[in-house]
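In listed order, ligands and their atoms are each counted from 1.
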Amino acid sequence: MKRMMVAGNWKMFSTVNSATQLIEGIVGGLPSPVTERNGDSQTDVVICPPYTVLGTAAHLLANSPIALGGQNCHHEQEGAFTGEVSAQMLTDIGCSYVILGHSERRRDYHESNSLIALKALAAVTAGLTPIVCVGESLEQRERGETADVVGTQLTEFVHGAGSGCLAASIIAYEPVWAIGTGKAATPEQAQEVHADIRRRCEEQYGLSPMILYGGSVNANNAQSLFQQVDIDGALVGGASLSVESFLAIIKAAVGS
Ligand code: PGA
């Protein structure tokens, strides 16, 4: 049985009230292999809400097996960076993970591989596990560049952050064309890229990280994705905002 992870990326959704309802629903419906935590549980669950509800979430999750993550952090520990949040601040409020290099941040805030590497170093120093996102655009896939694009994202990340940081990180393969489109990669398409990422990590750094798939994962397609040998779980956007669908994805991971 492989170790699995289901991580929810709430993006810029939820208020204190709606987050409370969502978390109570998820915690209340967790399958027993996740709740018992007797050492046999092979599925980790993480939720990554917006900053404004992290405190509420930390409180509600205090005695649950669900871990908390941020969706981004700054690469400096502190300073005059208006509007930013440091990795240390995420740890302080109860996070143990942070999503870095999501394609929405690469696209909208021009985050480069080298900046993402600096953020990952800051995250690991603060005691967080980075979930580092990589993935190609539709145009890049159609030009047959997927392996090169993902390979470069990975290589430049390790160039900046070091292989020790990769060893402390989780990779999320998120094809940009599959995010929020309802058009997930097929299990075979995802497996092919996951296998390539694993091969690169093994050959170049002697590492075999956990590799999540992200992009329109839902209650219906999770199981077939999780059956692929190199898919270790999912980073879930839209479907993590519904108790029913997020729990169904967790159950698919538990059963895989
Ligand atoms: P989606 O988002 O599941 O809504 O496609 C995934 C993500 O952006 O991490």
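Every atom of ligand 1 is numbered from 1 in the order shown, and the set under 4.0 Å from a heavy atom of I179 is 2 (O), 5 (O), 8 (O). Close approach of ligand 1 to E174 (heavy-atom distance below 4.0 Å) involves ligand atoms 6 (C), 7 (C), 8 (O), 9 (O). Within ligand 1, counting atoms from 1 as listed, the ones closer than 4.0 Å to a heavy atom of G215 are 5 (O). Under a 4.0 Å criterion applied to the non-hydrogen atoms of G180, ligand 1 contributes the atoms 1 (P), 4 (O), 5 (O). Within ligand 1, the atoms closer than 4.0 Å to a non-hydrogen atom of A178 are 5 (O), numbered from 1 in the order shown. The ligand atoms of ligand 1 that sit less than 4.0 angstrom from a heavy atom of K11 are 2 (O), 7 (C), 8 (O). Interface atoms of ligand 1 facing H102, defined by a heavy-atom separation under 4.0 Å, are 7 (C), 8 (O), 9 (O). Listed by number with element, the atoms of ligand 1 under 4.0 angstrom from any heavy atom of S216 are 1 (P), 3 (O), 5 (O).
When only modelled atom types and interatomic distance are considered, Q191 and D230 share a side-chain donor-acceptor pair under 3.5 Å. In this model, no donor atom of one side chain and acceptor atom of the other lie less than 3.5 Å apart for S224 and Q227. At a cut-off of 3.5 Å, with distance as the only test, no side-chain donor of T152 or T155 sits close to an acceptor on the other residue. Side-chain contact check for Q228 and H194: no donor-acceptor pair (N or O, by modelled atom type) lies under 3.5 Å.
Considering backbone and side-chain atoms together, G237 places an N or O closer than 3.5 Å to an N or O of ligand 1. Checked against a 3.5 angstrom limit, the closest N/O atoms of G238 and ligand 1 fall inside it. Between T181 and ligand 1, not a single N/O pair is under 3.5 Å apart.
The proximity of N9 to ligand 1, defined as any non-hydrogen pair under 4.0 Å, is limited to the side chain.
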(request) Would you check, one step at a time, whether the test side chain to side chain contact (heavy atoms under 4.5 Å, CB included) holds for I231 with Y173? (result) CA-CA 9 Å; I231 298 182; Y173 168 57; over 6 Å; no
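Here the NZ atom belonging to K119 is positioned 3.5 Å from the CD atom belonging to E111, to the nearest 0.5 angstrom.
The local environment of CD in Q189 is crowded, with over 12 non-hydrogen atoms from other residues, nucleotides or ligands closer than 6.0 Å.
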Would you tabulate the side-chain donor-acceptor contacts of residues 206-214 under 3.5 Å, counting partners in other chains and residues two or more places apart, or write 'none'?
| residue | atom | partner | partner atom | Å |
| --- | --- | --- | --- | --- |
| S208 | OG | R198 | NH1 | 2.9 |
| Y213 | OH | A185 | N | 2.9 |
| Y213 | OH | G215 | O | 2.8 |

